[in-house]
Amino acid sequence: MLDVNFIRQNQALVEKSTREKGYDVNISDLLDLDDKRKSLLQSVDELRRQRNEIASRMKGGKPSAELIAEGKAIKDQLAAKEPELSKIESELNTLLKSVPNIIFDDVPLGGEEANLEIKTWGEKKKSGVDHLDYAVSRGWVDFERGAKVAGAKFYYLKDGLALLENALLQFGIKKVTEHGFHFMTVPDMVSSRVLEGCGFNPRSSAQSDEYFIEGEDLAMIATAEMPLTGFHMDEIIDEKDLPLCYAGYSACFRKEAGTYGKYTRGLFRVHQFNKLEMYVFCLPEKSQEMHEQLLAIEEEILQDLGVPYHIISNAAGDLGAPAAKKYDIEYWSPVNQKYQEITSCSNCTDFQARSLNIRVRRQDGTVEVLHTLNGTAIPLARALVVMIENFAELDGKLHVPEVLRPYLGGVSEL
RNA sequence: GGAAGCGUGGCCGAGUGGUUGAAGGCGCACGACUCGAAAUCGUGUAUGCAGCAAUGUAUCGGAGGUUCGAAUCCUCUCGCUUCCGCCA
């Protein structure tokens, strides 16, 4: 969430950003509510002051009937005001949570159609192999039994694809640890506080994409970003320990309701997949630089694998609430003859960190909210799609990129 | 899942319901001493909110309650530890 004082001082900017992102929040109402909160808080604080004063005058132990009566009167007044205050505070909080992060100046304005291509790499192939047909023909994937056991869009991987997934993961782990990230496994469920603090829609929202556990305050994670953000919540981190870079490996669960019409065939869009995710906690003034580094690592991975791609800078309407700026990398699908999303990385600035109370203590002792960023290292299921489309031969073998061979016993094809 | 115990500041650890935001220690920062360092001594050392500030207020896992007054009493809840049960 944003800081209410920041909103007050930058009302026009926040309103513009909110509008560009396609959100509808009445900032004036929010500030009015904050005014109400402040004045009520002042009168409550004054009553509390009087209460404390009276209590301290009675420390001797002599029960003065007069003082007790005075104390009782204040108690009654407080009882009338305090519930009102907490009601306003919680309303204000709800409103604050609905304001999306402000966008950086260089973010293209508009919806998805305004996404800006900023780089292309590699040679687009003219044709490729449909990953699902290929994988089924080789007995490497089984959606039918997945559906039998868990429902549509669940699947089993077997033999070649399962091994290839493992090789991709090993390669990814090597990459990110070489770049200084701590490899981690994480809880696959998080509490609602973490979920919402990361900027995801709450259980009550119709747009929520998560699976929630009935009767418990838990959701299956949609990305390791969730438990990684929560890792440091309610902590104050010494400046000298930043940046903190983590790479979390986890299963990811997504309902993906309402995605018909988008590309959903086979492994491209499923309810459960594994992913290696990079996550960074850093100083505010370093986050833009870190964002470029995350993007560079994502590029490096695709280049090492030999996958053609382009980078887009996402337009305001395609950013989501927490991001101030986001890059998507889309690989070239030789099958569909278009670019399709493979990774993304976001600079969430202080948006998530403020919600989850993650701060830095500077050398000079001052404390402030730090910045967080996230980026996909390797989305395993989609990476398998990419591998088949680019490196399989129709009715033939799958050519294994050189960098993966060490993790497949040295073979050059599967 | 059942039972018991415990949850206090960066850490350890006090705390008969009434100046306790909280003793003491450790750690850390600065200063003194020193050629320098160690040791020693001195000073300082939580966070949020409101306020230009002085200052006020809140926070002793969390939420409620009792009371003129709660870290301290009660209820619920979460977490940790130990014992029992159970299972990979």
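Values below: every heavy atom of this structure, side chains too, minus hydrogens, waters and symmetry copies. Throughout, protein chains are lettered first and strands after them, A, B, ... in sequence-line order, and every chain is numbered starting at 1.
When ring centroids are compared, A:His291 and A:Tyr327 come within the 6.0 Å threshold.
Separation of the P atoms belonging to B:rA14 and B:rA3 is 28 Å when rounded to the nearest angstrom. B:rU81 and B:rG31 have their C1' atoms separated by 44 Å, with the value rounded to a whole Å. Distance noted for atom P between B:rC11 and B:rU16: 23 Å (whole Å). The gap from the C1' atom of B:rC87 to that of B:rA4 amounts to 23 Å, rounded to the nearest Å. Spacing between B:rA22 and B:rA38 at atom C1', rounded to whole Å, works out to 34 Å. Atom name P, nucleotides B:rU55 and B:rC60: the rounded distance is 24 Å, in whole Å. The same atom, C1', is picked in B:rU34 and in B:rG27; the two are 24 Å apart, to the nearest Å. Spacing of C1' atoms, B:rG44 relative to B:rC26, comes out at 16 Å, to the nearest Å.
Look at CG on A:Asp241: it is 15 Å from P on B:rC28, rounded to the nearest Å. When the P atom of B:rA53 is taken as reference, atom CD of A:Gln42 falls 13 Å away, rounded to whole Å. Taking atom CD on A:Glu368 and atom C1' on B:rA46, their separation rounds to 18 Å, with Å as the unit. Atom CD in A:Gln363 sits roughly 11 Å away from atom P in B:rC30 (whole-Å rounding). Nucleotide B:rC68 holds its P atom 7 Å from the CD1 atom of A:Ile68, rounded to whole Å. When rounded to the nearest whole Å, the span between CE of A:Met233 and P of B:rU47 equals 20 Å. Going from atom CG of A:Asp45 over to atom P of B:rG56 covers 11 Å, rounded to whole Å. Atoms CG (A:Asp238) and P (B:rC11) sit 12 Å apart, rounded to a whole Å.
Base pairing of B:rC60 is not made with any nucleotide, judged by Watson-Crick or G-U wobble geometry with both donor-acceptor distances under 3.5 Å. As the counterpart of B:rA22, no nucleotide is assigned, since no Watson-Crick or G-U wobble pattern has both distances under 3.5 Å. Both distances falling under 3.5 Å, in either a Watson-Crick or a G-U wobble arrangement, place B:rG27 opposite B:rU45. In this structure, B:rA88 makes no Watson-Crick or G-U wobble pair, since no nucleotide meets both defining distances under 3.5 angstrom. In this structure, B:rU66 makes no Watson-Crick or G-U wobble pair, since no nucleotide meets both defining distances under 3.5 angstrom. Shown here, B:rA50 forms a base pair with B:rU55; the pair counts as Watson-Crick or G-U wobble because both key distances fall under 3.5 Å. Across the strands present, B:rU72 finds no partner; the criterion is a Watson-Crick or G-U wobble pair with both atom distances under 3.5 angstrom. Pair assignment for B:rA3: B:rU82, on the basis of Watson-Crick or G-U wobble contacts that are both within less than 3.5 Å.
Neither side chain, A:Ser191 nor A:Asp217, offers a donor N or O lying under 3.5 Å from an acceptor on the other. In this structure, a donor-acceptor pair under 3.5 Å is absent between the side chains of A:Lys97 and A:Ser355.
At B:rU67, one or more side-chain N or O atoms of A:Lys75 fall inside 4.0 Å of OP1 or OP2 (strictly under the cut-off). OP1 or OP2 of B:rG56 has not a single side-chain nitrogen or oxygen of A:Arg51 nearer than 4.0 Å. Contact annotation: A:Arg37 does not reach the phosphate of B:rC49 (side-chain N/O to OP1 or OP2, under 4.0 Å). The side chain of A:Asn52 places an N or O atom within less than 4.0 Å of a non-bridging phosphate oxygen (OP1 or OP2) of B:rA58.
When each of B:rU47, B:rC68, B:rC49 is scored by its nearest atom to the side-chain atoms of A:Lys72, the top-ranked nucleotide is B:rC68. The nucleotide whose nearest atom lies closest to any side-chain atom of A:Arg48 is, among B:rA46, B:rA50, B:rU57, B:rU57. Which of B:rA50, B:rA46, B:rU57 sits closest to the side chain of A:Arg361 comes down to B:rA46.
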>> Between A:Asp142 and A:Lys158, does the salt bridge (charged side-chain N to carboxylate O under 4.0 Å, His left out) criterion hold? Intermediate values first, please.
In response: CA-CA 8 Å; A:Asp142 192 334; A:Lys158 213 169 90 186; over 6 Å; no

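Residue A:Val44 is out of contact with every strand shown, counting any heavy-atom pair closer than 4.0 Å.
Between A:Glu239 and A:Lys286 there is no salt bridge, since no side-chain nitrogen of the basic residue lies less than 4.0 Å from a carboxylate oxygen of the acidic one.
A tilted orientation is assigned to the rings of A:Tyr331 and A:Phe268, their planes being inclined by 30° to 60°. In this structure, A:His232 and A:Phe281 have perpendicular ring planes: the angle between them is above 60°, well past the 30° mark.
Looking at which nucleotide of RNA chain B each of A:Arg359 and A:Val4 is closest to, the 5′-most match is held by A:Arg359. Comparing A:Thr366 and A:Ala69 along RNA chain B, the residue whose closest nucleotide (by nearest heavy atom) sits nearer the 5' end is A:Thr366.
Without hydrogens or angle criteria, A:Asp159 side chain to A:Trp140 main chain gives no donor-acceptor distance under 3.5 Å.
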